[in-house]
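Here the structure is a predicted model, which means the values were calculated and not measured. We name chains A, B, ... by the order of the sequence lines, and we start the count at 1 in each one.
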Amino acid sequence: MLQLQVIRQNPQWVKERLAIKNFKELGLVDAIIASDEQRKKWQVEFDTTQAKINTASKEIGQLMAKGQKTEAEEKKKEVAALKEKLEPIKEQLATTESALHEKLVLLPNLPSEKVPAGKTSADNVIMREGGHKPELYSGAAPHWELAKKYDLIDFELGNKITGSGFPVYINKGAKLQRALIQYFLDHNIAAGYTEYQPPLMVNEMSAFGTGQLPDKEGQMYFATEDKYYLIPTAEVPVTNIYRDEILKETDLPLKMTAYTPCFRREAGSYGKDVRGLNRVHQFDKVEIVQLVHPEKSYDVLEEMVNHVEKLLQSLQLPYRILKLCGGDMSFASALTYDFEVYSAAQKKWLEVSSVSNFETFQTNRMKIRFKDSSGKTQLVHSLNGSSLALPRIVACLLENKQDAEGIKLPRSVHSYFGADKIN
RNA sequence: GGUGAGGUGGAUGAGUGGCUGAAAUCAACGGUUUGCUAAACCGUCGUACGACCUUAAAGUUGUACCGAGGGUUCGAAUCCCUCCCUCACCGCCA
């Protein structure tokens, strides 16, 4: 949620920024300012009337104490009249307040100055590439065939137990998954992140806090009886750890990491790119989240990108880093870098991480603030990224590392997996 | 699921209708003292949205907030209702 203050101070600039994000309803900005004016007007009305009531009520108490009953009764009538007057004011205030809020939550975050213009993923800017695309041997196969060949993942079985998009990992497939999670977590902890095991279901407030609601309820599984959402990413519970807190400046930066399964309905994406592990409803991911001083968030973003990059390099997979253009960025993000790894058998790039700076967009919703050195309370910046999402990493490891002998794992995971290859 | 007790500021905890936005203690912060540390002493110490004033900061001031939402009352942290949550015991159970 954008800060009202920013919109008020420079509506024109806000509109220009929103246009870069390919946001169409720029009229909302003016509507918000108008609602805000209305709100203020009604609040002044309400405050002054309520103040009169409060004063009169105190006077009644004093008159009663002195035994001046008639005067007290007079005052009571006065108050009754004021209260009648207050009723419609109260309603107007509530109406304008919720109208303002409703509009405010519809505005996406403003893209940072660094965001390239563009409408679709075709306009994203490739920052750099690393690793080498392998030459596959003639018998090479896509990961879903390899998964079958080496008895690693059973997609059909998941169908039976739950439905499509819920793969079952078996034997070395399960172990590989577990090994990678452990390795990723260790990598993060070594970089100063604190590990959390958060709830996998969250309430409405938490889902609102990170920006999933009110917009994307269709993407989350929802337990209607208890009104809990299954998390689409650990970002949601982990960032909400500090919701409604005022931190000390010395607490910052807060660095958190968590492994969790993630649940996504992926409504509307059937039929395309859903083969094997490319797109599933439940998958494992290790996430990193930081809450930082506003002046440092862009340095931290680079730091996080480098951190994820190192992890990818250690897996010896061909990757590239993209800076997302305005039109391809998520609702809440101010600047996002996507990481893609090259799937050698499918001959396409698969997204395995997305690292974003949200500036104050999330923290304004969650009210995560800190007291700065001058004693002023201000919002912290929040950032997060995957390090890493498992399925596509697994897919690429299988595909890219295959030869006639089996699948040769990168050195970094040998000790975690307990072997150097799958065969 | 049942029964009972509760939810007050960073923490503990007082407060059963007006003088309570909230005692006290602790923590935190600033200072004095001190060879250092500790102790002692003094001071500061909620949030949000407004208004006034100001270039701004500061300052003055209004309103709201004692789990959430309603209600009673001239007046609610305090009384009533609903919901949520916590704790204890019982039942069930990984």
Side-chain angles (χ1 to χ4, degrees), chain A residues 1-10 32-105 197 199-209 213 222-229 237 240-252 254 291 360 363-380:
Chain A
M1 192 162 68
L2 296 180
Q3 291 174 268
L4 202 47
Q5 207 185 359
V6 173
I7 301 174
R8 263 191 221 142
Q9 277 167 1
N10 210 337
I32 284 167
I33 289 172
S35 286
D36 184 39
E37 290 300 321
Q38 284 292 103
R39 195 204 99 240
K40 271 197 241 177
K41 196 190 102 194
W42 288 115
Q43 201 192 318
V44 171
E45 279 286 302
F46 178 84
D47 285 358
T48 50
T49 311
Q50 185 63 253
K52 282 183 202 159
I53 292 174
N54 290 347
T55 319
S57 295
K58 262 181 200 151
E59 283 166 7
I60 291 168
Q62 285 157 3
L63 290 171
M64 299 284 265
K66 281 188 254 169
Q68 294 171 273
K69 253 196 141 190
T70 11
E71 288 86 342
E73 287 305 319
E74 275 305 304
K75 278 276 170 201
K76 279 195 196 181
K77 275 184 204 150
E78 223 175 88
V79 171
L82 282 169
K83 280 185 80 172
E84 215 165 291
K85 192 181 151 205
L86 189 67
E87 260 330 291
I89 296 173
K90 209 164 148 185
E91 266 170 46
Q92 289 292 344
L93 180 60
T95 309
T96 48
E97 259 173 359
S98 62
L100 174 63
H101 188 254
E102 269 168 35
K103 287 177 202 140
L104 208 49
V105 297
Q197 288 192 11
L200 305 181
M201 300 181 106
V202 294
N203 60 28
E204 197 186 341
M205 279 300 293
S206 296
F208 172 77
L213 295 181
F222 184 54
T224 52
E225 195 73 12
D226 299 287
K227 298 193 169 64
Y228 294 152
Y229 294 88
N240 273 281
I241 289 170
Y242 289 98
R243 169 149 52 85
D244 287 320
E245 301 243 356
I246 299 177
L247 303 158
K248 282 181 279 185
E249 193 166 9
T250 50
D251 291 335
L252 305 175
L254 286 161
L291 297 174
T360 59
T363 55
N364 189 33
R365 288 178 168 216
M366 286 183 274
K367 301 283 169 272
I368 306 179
R369 297 96 99 206
F370 76 105
K371 273 206 197 307
D372 66 22
S373 43
S374 68
K376 234 180 92 189
T377 304
Q378 52 173 314
L379 295 165
V380 305

Q | d(NZ, Lys90(A); C1', G69(B)) in whole Å | A | 12 Å
**Q.** Length of the line joining Lys367(A):NZ and G46(B):P, which is rounded to integer Å
**A.** 20 Å
(Q) Rounding to an integer number of Å, can you tell me how far Lys58(A) NZ sits from U20(B) P? (A) 10 Å
(Q) If only side-chain N and O atoms count, and only distance matters, is there a donor-acceptor pair under 3.5 Å linking Gln378(A) with Asp372(A)? (A) yes
Q. Between G46(B) atom C1' and Glu245(A) atom CD, what is the distance in whole Å?
A. 14 Å
Q.
Only pairs with both distances under 3.5 Å count, Watson-Crick or wobble alike; so what is the partner of G59(B) in this structure?
A. C52(B)
Q. What interatomic distance, in whole Å, is found between C1' of U3(B) and the corresponding atom of U12(B)?
A. 29 Å
Q. Checking all strands, does Gln50(A) fall into the base, sugar-phosphate, or nothing category for heavy-atom contacts under 4.0 angstrom?
A. sugar-phosphate
Q) Do Ser206(A) and Asn203(A) get their side chains close enough for a donor-acceptor pair, meaning under 3.5 Å? A) yes
Q: For Lys376(A) and for Asn54(A), locate the closest nucleotide of RNA chain B by heavy-atom distance; then report the residue assigned to the nucleotide nearer the 5' terminus.
A: Lys376(A)
Q | Ile60(A) CD1 to A76(B) P, straight-line distance once rounded to whole Å | A | 11 Å
Q) If you measure from NZ on Lys69(A) to CE on Met64(A), what distance do you get to the nearest 0.5 Å? A) 6.5 Å
